[in-house]
Visitor: 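A single structure is presented below for examination.
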Amino acid sequence: MNKSIFIDTNIFIDCILERKWKTILDRAKSVGFILNTSITVIGEAVVKLRESENSIENIISFMRILDDWDLRFLFPSHQIRTICYIMGNEEQDTRMINEVTDLTHLAYSMAYHIDIFITTDKNLKKYKIPDKLESIHFEKPD
């Protein structure tokens with residue numbers, strides 16, 4: 001079975017503006033990783049790219065990446081809603097309590113049982129999901 005990767009917003013931005021991640025993810029796709037992202041990541045990326053210098057060209061580059069990688073787009077589900085609710089009532093690890101967008105992206109990856117979550121957000125990497133989520137068999141991706 002091929003492993004799945006969830007790509008966070010900041011990685012797409014780096015692929016376009018700095019290109020440091022593009023080669024890595026091109027290679028991952030070529031060796032069989034299944035690349036995923038959510039509609040919330042797509043929306044956030046478009047907004048950020050729209051605010052960048054050369055916004056039109058950057059958005060076009062973003063759309064090309066989406067096509068080239070044949071990404072699987074993840075849509076809202078009841079599981080995502082449940083995970084977001086539990087993380088929103090978090091009392092165990094509060095470092096992400098005000099990071100609603102990042103927690104939503106993480107919820108998508110957990111609901112769809114993604115193996116690897118790629119982000120540059122240090123707090124998100126260190127975040128411990130609530131015990132209640134683990135007790136109902138949700139795991140934070142690597």
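Here the structure is a predicted model, which is why all the values come from computation and not from measurement.
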Visitor: Is there a path of hydrophobic side-chain contacts, each under 4.5 Å between heavy atoms, that joins Ile34 and Ile5?
Guide: no
Visitor: Is the number of heavy atoms from other residues, nucleotides or ligands within 6.0 Å of CD (Glu18) greater than 12?
Guide: yes
Visitor: Apply side chain to side chain donor-acceptor pair (under 3.5 Å) to Asn58 and list each qualifying residue two or more places apart in sequence or on a separate chain.
Guide: Ser52
Visitor: The criterion is side chain to side chain donor-acceptor pair (under 3.5 Å); which residues satisfy it with Thr101, sequence neighbours excluded?
Guide: none
Visitor: Which other residues belong to the hydrophobic cluster containing Ile56, where Ile, Leu, Val, Met, Phe, Trp and Tyr are joined when side-chain heavy atoms lie under 4.5 Å apart, directly or via other members?
Guide: Ile60
Visitor: I need the minimum non-hydrogen distance between Ala107 and Met87, along with the two atoms involved.
Guide: CB-CE, 3.8 Å
Visitor: Would you say the side chain of Cys15 lies within less than 4.5 Å of the side chain of Ile65, judging by non-hydrogen atoms?
Guide: yes
Visitor: Hey, is the main chain of Tyr127 close enough, under 3.5 Å, to the side chain of Lys140 for a donor-acceptor pair?
Guide: yes
Visitor: The criterion is salt bridge (Lys or Arg N to Asp or Glu O under 4.0 Å); which residues satisfy it with Lys128, sequence neighbours excluded?
Guide: Asp131, Glu134
Visitor: Check the pair Thr37, Leu74 against side-chain contact (heavy atoms from CB on, under 4.5 Å), reporting the backbone distance first and the verdict last.
Guide: CA-CA 6 Å; Thr37 199; Leu74 309 181; over 6 Å; no
Visitor: Quick one: closest heavy-atom pair of Ile83 and Ala111, and the distance?
Guide: CD1-N, 3.7 Å
Visitor: If you compare all heavy atoms of Ile7 against all heavy atoms of Leu25, which two are closest, and at what distance to 0.1 Å?
Guide: CD1-CD1, 4.1 Å
Visitor: Anything under 3.5 Å between a donor and an acceptor, one on a side chain of residues 40-50, the other on a protein residue two or more places apart or in another chain? List them.
Guide:
from	atom 1	to	atom 2	distance (Å)
Thr40	OG1	Ser38	OG	2.7
Thr40	OG1	His105	ND1	3.0
Glu44	OE1	Thr9	OG1	2.7
Glu44	OE1	His105	NE2	2.9

Visitor: Does the Asn10 side chain pair with the main chain of Thr119, one donor and one acceptor, at a distance under 3.5 Å?
Guide: no
Visitor: What pairs of residues pass the side-chain hydrogen bond (donor to acceptor under 3.5 Å, both in side chains) test when at least one of them lies in residues 67-79, not counting sequence neighbours?
Guide: Asp26-Trp69, Asn36-Arg72, His78-Arg81
Visitor: Given side chains that start at C-beta, do those of Asp121 and Lys125 come closer than 4.5 Å, heavy atoms only?
Guide: no
Visitor: Kindly indicate whether the side chain of Pro76, heavy atoms from C-beta on, has any atom under 4.5 Å from the side chain of Ile39.
Guide: yes
Visitor: Indicate yes or no: at least one non-hydrogen side-chain atom of Leu124 is less than 4.5 angstrom from one of Asp8.
Guide: yes
Visitor: Does a sphere of radius 6.0 Å around CG in Asp142 hold more than 12 heavy atoms from other residues, nucleotides or ligands, not counting ones at 6.0 Å or beyond?
Guide: no
Visitor: Test: salt bridge (Lys or Arg N to Asp or Glu O under 4.0 Å). Region: residues 104-114. Which pairs qualify, not counting sequence neighbours?
Guide: none
Visitor: Starting at CG of Leu17, measure out to NZ of Lys22 and round the result to the nearest 0.5 Å.
Guide: 13.5 Å
Visitor: Give the other cluster members for Val100, using side-chain heavy-atom distances under 4.5 Å between Ile, Leu, Val, Met, Phe, Trp and Tyr residues; answer none if it is isolated.
Guide: none
Visitor: To the closest 0.5 Å, what do you measure between CD (Glu139) and CD1 (Ile129)?
Guide: 7.5 Å
Visitor: List for me each residue that meets side chain to side chain contact (heavy atoms under 4.5 Å, CB included) alongside Glu99, sequence neighbours excluded, and say none if there are none.
Guide: Met96, Asp102
Visitor: Of all residues at least two apart in sequence or in a different chain, which pass the ring-ring contact (aromatic ring centres under 6.0 Å, His included) check with Phe117?
Guide: Phe6
Visitor: Going from CD1 on Ile118 to CD1 on Ile11, what distance comes out if it is rounded to the nearest 0.5 angstrom?
Guide: 6.5 Å
Visitor: I'd like to check Asp115 versus Ser109 (side-chain heavy atoms, cut-off strictly below 4.5 Å). Are they in contact?
Guide: no
Visitor: Would you say that more than 12 heavy atoms from the other residues, nucleotides or ligands in this model lie under 6.0 Å from the NZ of Lys132, or not?
Guide: no
Visitor: What pairs with Tyr112 under side chain to side chain donor-acceptor pair (under 3.5 Å), at least two apart in sequence or on another chain?
Guide: none
Visitor: Applying ring-ring contact (aromatic ring centres under 6.0 Å, His included) as the test, list every pair that has at least one member in residues 9-37; sequence neighbours left out.
Guide: Phe12-Phe62
